[in-house]
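Following: one structure in structure tokens, then a few remarks.
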Amino acid sequence: MNKLSVIIVALLFLVLSSVIICLKINHEPSEQQLVEVRQDNEVIAILDIAEEQLFDVVYANRVNTIEVNKQGVHIVHADCPDQICQKMGYLKQLPITCLPNHLTITFITPTTTDTTAR
Amino acid sequence: MKVSKLTMLALLTAMALSLFVIEMQIALPVALPGVKLGLANIVTVYAVYYFNKKEVFLLVITKVVLGSIFSGQLLGFIYSLAGSMFCLVAMWGIKNLITLDHLWLSSVVGALFHNFGQIIVAVIVMESLGMLVYLPFLIIAGTLAGLVTGFCAQVIVKRIRLQKILMIEMR
């Protein structure tokens with residue numbers, strides 16, 4: 001019984017800390033203006049959310065179409081079978097990921113890109 | 001391997017795959033990579049307690065290979081395989097600590113390790129540590145899914161006496 005309670009307490013701790021982290025991630029205000037599109041550890045594009053556009057990313061003949069509009073950034077079309085990236089909706093603090101097409105879309109802080117651009 | 005045992009394993013594999021196919025039709029309210037109910041886990045937890053390592057390993061491998069073919073997502077194969085192996089090793093590890101009366105806890109641990117395995121593969125495949133952001137979300141989802149499948153397995157272990165009959169025959 002003792003070992004059992006240790007496992008339960010450890011699990012509870014793990015879950016509670018996860019809840020706290022999740023809440024923190026979701027509550028952080030997203031004031032960032034720039035969005036980074038990555039594929040296999042390679043930055044393929046940096047999009048400005050003020051600029052409305054459609055952006056195609058190709059991976060092994062499969063296409064993901066990223067749309068930037070007034071509401072934010074989201075994936076409008078995906079050739080992958082699970083369509084999870086599309087269902088994830090608009091980009092918040094949590095990155096949009098398409099596992100089959102090795103694609104991630106995340107907000108980046110403009111300061112870091114500014115310094116590298118200069 | 002005795003025919004009765006082989007039949008039992010085949011039956012369990014078929015059940016796991018049926019659950020897997022049913023699960024594909026269930027739309028989850030959360031769209032996050034790696035989040036799923038994992039109904040087939042019911043069969044795995046059950047098998048871990050009633051069969052030896054080699055037999056459970058065979059069951060899980062068959063399930064993963066056939067599951068990938070059925071879902072038509074061979075891309076997901078590596079994620080599925082890593083997740084299942086992590087889950088299996090974790091459940092074997094705690095099998096001695098957690099008795100059959102607390103099967104649900106074993107299921108939760110298994111589900112969590114399934115997610116850990118998947119995230120490790122995601123980090124390697126995507127070549128990005130950014131995937132770790134999903135970890136806390138997956139921990140919560142994994143715990144909930146593990147609880148659901150765990151309680152199902154618990155109920156099944158209590159109710160189904162078929163196993164007992166077969167086990168006597170097998171010995």
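Chain letters run A, B, ... following the sequence lines, proteins first, then strands; residues in each count from 1.
- Proximity to chain A involves both the backbone and the side chain of B/Leu32, based on heavy atoms less than 4.5 angstrom apart.
- Hydrophobic clustering, with ILVMFWY side chains joined whenever heavy atoms are under 4.5 angstrom apart, groups B/Leu97 together with B/Leu88.
- At most 12 heavy atoms of other shown residues, nucleotides or ligands fall within 6.0 angstrom of atom CZ in B/Phe57.
- Other residues, nucleotides and ligands place more than 12 heavy atoms under 6.0 Å from the CZ atom of B/Phe20.
- Annotation: the span from B/Ile139 atom CD1 to A/Cys22 atom SG amounts to 8.0 Å, rounded to 0.5 Å.
- Interatomic distance, A/Ile7 CD1 to B/Ile98 CD1, rounded to the nearest 0.5 Å: 4.0 Å.
- Separating the CD1 atom in B/Ile94 from the NZ atom in A/Lys3 is a distance of 12.5 Å, to the nearest 0.5 Å.
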I would like to know whether A/Leu99 and B/Val125 meet side-chain contact (heavy atoms from CB on, under 4.5 Å); could you show each step before the answer? CA-CA 9 Å; A/Leu99 289 179; B/Val125 171; over 6 Å; no

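- For B/Ile120, the CD1 atom is densely surrounded, since the number of other residues' heavy atoms within 6.0 Å is greater than 12.
- Here the side chains of A/Thr106 and B/Val133 are not in contact, with every heavy-atom distance at 4.5 Å or above.
- With a 4.5 Å cut-off on non-hydrogen atoms, B/Met131 touches chain A through its side chain but not through its backbone.
- Scanning all heavy atoms of the two residues, the minimum distance from B/Pro136 to A/Ser18 falls at O-CB, 3.5 Å.
- Using a 4.5 Å cut-off between heavy atoms, A/Cys85 does not touch chain B at all.
- By the criterion of side-chain heavy atoms lying less than 4.5 angstrom apart, applied directly or through intervening Ile, Leu, Val, Met, Phe, Trp or Tyr residues, B/Leu66 is not grouped with B/Leu59; the two fall into different hydrophobic clusters.
- Contact detail for A/Asp40 and B/Glu127: the closest heavy-atom pair is O-OE1, 3.6 Å.
- In terms of heavy atoms, B/Pro33 sits closest to A/Thr97 at CG-CB, 4.1 Å.
- Heavy atoms of A/Leu14 lying under 4.5 Å from chain B belong to its backbone as well as its side chain.
- Side chain of B/Tyr134 to main chain of A/Leu94: no donor-acceptor pair is present (N/O by atom type, distance under 3.5 Å, no hydrogens or angles).
- Proximity of A/Leu103 to B/Met126: side-chain heavy atoms (C-beta onward) are nowhere separated by under 4.5 Å.
- Clustering ILVMFWY residues whenever any of their side-chain heavy atoms sit less than 4.5 angstrom apart, transitively, puts A/Met88 in the very cluster that holds B/Leu132.
- Proximity to chain B (any heavy atom under 4.5 Å) is shown, for A/Ile20, by neither the backbone nor the side chain.
- Here the CD1 atom belonging to A/Ile21 is positioned 8.0 Å from the CG atom belonging to B/Leu135, to the nearest 0.5 angstrom.
- A single hydrophobic cluster is not seen to contain both A/Leu54 and A/Val73; linkage of ILVMFWY side chains at heavy-atom distances under 4.5 Å, directly or through other members, places them apart.
- At a threshold of 4.5 Å between side-chain heavy atoms, the hydrophobic network of Ile, Leu, Val, Met, Phe, Trp and Tyr places B/Ile69 and B/Leu17 in two separate groups.
- Counted within 6.0 Å of CD on A/Glu52, heavy atoms from surrounding residues, nucleotides or ligands total more than 12; the atom is thus considered enclosed.
- Looking at B/Val108, the atoms closer than 4.5 Å to chain A (heavy atoms on both sides) all sit in the side chain, from C-beta outward.
- Considering only heavy atoms from C-beta on, B/Thr143 stays 4.5 Å or farther from A/Leu11 through its side chain.
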